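Take a look at the structure below.
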Amino acid sequence: MGESRHALIIANDVYEDEGLRELSAPEHDADALCGVLRDPQIGDFEVDVLRNASAQAMRDRIEGFFSHRRRDDTLVLHFSCHGIKAESGKLYFAASDTRPQLLRATGVPAEYVHECMSDTRAGKTVLLLDCCYGGAFSKGASAKASRDMNVLDAFAGDRPGGGRGWAVITASTSMEYAFEGAELTADGTAAPSVFTHAVVEGLTTGDADLDEDGEISLDDLYDYVYEHVRDANPNQTPSKYVEMQGTIHLAHGLHRTIKIEADPVPRPVQEALRSRNDFTRRGAVRELRSRMKSQNLRMAEGARQALEAVARDDTVQVAYEAQHALDDARLRPSPARLDFGPVPLGAAVPRQTVSLQGIPLARHCVAHATGKWLQVEESADGLAVGVDTSAVGRLAGDIALKGVAGEAVVHVEAEVLPPPPDEPPGTKPVDSRQKGPSVTHRPASRPLRAPAVAAVALALAVTSVIILVWAVARTVYAEEDRRTGAFSTFAESAGVHAVVPFLITALITAVAALLLGAVARHDLSVRRKRYTQGVKSATLYMTSAAKRCAVPVLVLAVLMSIAYNIVSKRW
């Protein structure tokens, strides 16, 4: 099963309580974060946004977000709202209907979010907190906790088991505001939050890819956000808490570059390059050119760097030969222009291939599509380029290629045409002369495979329960007949009552239900963008119900089969 990436953004900027209205968060930050996480070229997350919801709606959505996940799922939960510290020292997130005087009834406890994170089966969870933190105090009462709260303490605790892990990044841990009754009073110097803006900017521009390896890791993002938040507001200090093994990549970096650790050239070649004799140095250049063609990229990169030094510093004749040798490492995509021509709306994704010419070092590059409608897959021999046909219009964009010795561009054009008036979108005429398997396109709004398979799995699971119950009843009847003397042995009585066929049928039906449930979940994972949230929830519910029915049937049927063999030998 492939990795599944999900994000939930909770943004509250409208509050019923008068004291909370003055601290509304910018709404466009949530929109910008949603866009960059959803972008398939950057985050490639399935994103859900909850705006200005009540406390109960927030709790429901949070628990649903963490439920029914798999080990290879990556989850990101982002809060953009007020964080309120109660007299007890506990942290609460403010909903649209939160009343600071009744936090336990109207707020969302941080420990509730912590429990949901602990219970999820997802392999990796990241929590981003962009909140203004304040303390809720009754009039005339003193604070029971220190004014310098540590927000991360609400999420530090038991280490997640089963290889799972989480990370929490918060915009600030300091107390910025305090409440006295229902009135808001400033507590220190308050500065506008720049946390979400820094996250969005780092992901959008790719500048958060600090090591330029093509992937923005959690550590990359935190280091980038920390520097930008501190530069914008020295009084605000982002913090991080991690309980996770390994590295988690949150997005693709747009500034990805090729980095190859170069092997030094042999000492005899180095000495030849330092010779005063031009012919000796030209011989060394020819040796370097030969080494640059090697399949060993580290050897080839070392030779290329040495040739660059010769081309820059040597005499005109020797430098010319070195520069001519360096041409072998240039990127040479073929063709440099792709024209898909007219493509019907909703047609199966058309694909063309771009091959990369030259030596192995020249073919070692990375590709970035400048248009979201462009689909690029890298391979050992080149690029497979596809076009999204979900929207009508003229499309034009570029695929930027970056290699160790330079860059190149492949220009791509296509025109998505609307369907004829009498032809519904998503259909295409069938050519009887077409060879090979036909490809059909299912509109994104009407996929039925996963829920249909899940429904069959649930039906089989329920059927296995019924068959097992009937097998148990038959076993009871068989034993009663043996005891009354109608049959001399239990095996003979069980054979007449067909106990074994019913057990076998229950086993087969339960196994089939489990297999179909797995197929439905797999299809939901690999085609997650084609299903609506309602269809996903229904499919997950049916597969979960099928599993709860089929697993006990499977276990009981196996135990009954073992017991049948033992009893048959004794009686």
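Model, not experiment: these values are computed from the prediction. Positions are given from 1 along the sequence. Because only heavy atoms are used, hydrogens play no part in the values below, and waters and symmetry mates are left out as well, while side chains stay in.
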Please check if the side chain of D339 supplies one atom and the backbone of G341 the other of a donor-acceptor pair under 3.5 Å.
yes

Trace of the side chain to side chain contact (heavy atoms under 4.5 Å, CB included) decision for E46 with R5:
CA-CA 6 Å; E46 180 181 333; R5 298 160 67 84; over 6 Å; no

How about CD on E201, more than 12 heavy atoms from neighbouring residues, nucleotides or ligands closer than 6.0 Å, or not?
yes

Atom CD of Q357 and atom CG of D328: how far apart are they, to the nearest 0.5 Å?
13.0 Å

Are S4 and H6 close enough that a side-chain donor and a side-chain acceptor fall under 3.5 Å?
yes

Distance (rounded to the nearest 0.5 Å) between L326 CG and L307 CG:
5.0 Å

Starting from the C-alpha separation in whole Å, work towards a yes-or-no answer on side chain to side chain contact (heavy atoms under 4.5 Å, CB included) for V404 and L361.
CA-CA 8 Å; V404 292; L361 189 65; 3.8 Å; yes

Side chain to side chain contact (heavy atoms under 4.5 Å, CB included) assessment of H411 paired with I399
CA-CA 6 Å; H411 185 69; I399 301 174; over 6 Å; no

Side chains of V387 and W373, heavy atoms from C-beta outward: is any pair under 4.5 Å?
yes

Rounded to the nearest 0.5 Å, what separates atom CG in L8 from atom CD1 in I62?
7.0 Å

Does either side chain, that of T196 or that of D130, offer a donor lying less than 3.5 Å from an acceptor on the other one?
yes

Taking the ring centre of each residue, are Y15 and H82 less than 6.0 Å apart?
yes

Between S294 and N296, is the side chain to side chain donor-acceptor pair (under 3.5 Å) condition met? List the steps.
CA-CA 5 Å; S294 171; N296 186 332; 5.4 Å; no

Could I get the full list of salt bridge (charged side-chain N to carboxylate O under 4.0 Å, His left out) partners for E413, not counting sequence neighbours?
R337, R394

Mind checking the CG-CG spacing from D207 to L221? Nearest 0.5 Å is all I need.
12.0 Å

Using 0.5 Å steps for rounding, measure from the CZ atom of R304 to the CD1 atom of I260.
8.0 Å

From CA spacing to verdict: side chain to side chain contact (heavy atoms under 4.5 Å, CB included), Q375, R351
CA-CA 9 Å; Q375 302 176 7; R351 295 189 178 276; 3.6 Å; yes

Have E215 and H252 got a donor and an acceptor in their side chains that come within less than 3.5 Å?
yes

Using a distance-only test with no angle check, is there a side-chain donor-acceptor pair under 3.5 angstrom linking D388 and S390?
yes

Can any side-chain N or O of N52 pair as donor or acceptor with the backbone N or O of V14 at less than 3.5 Å?
yes

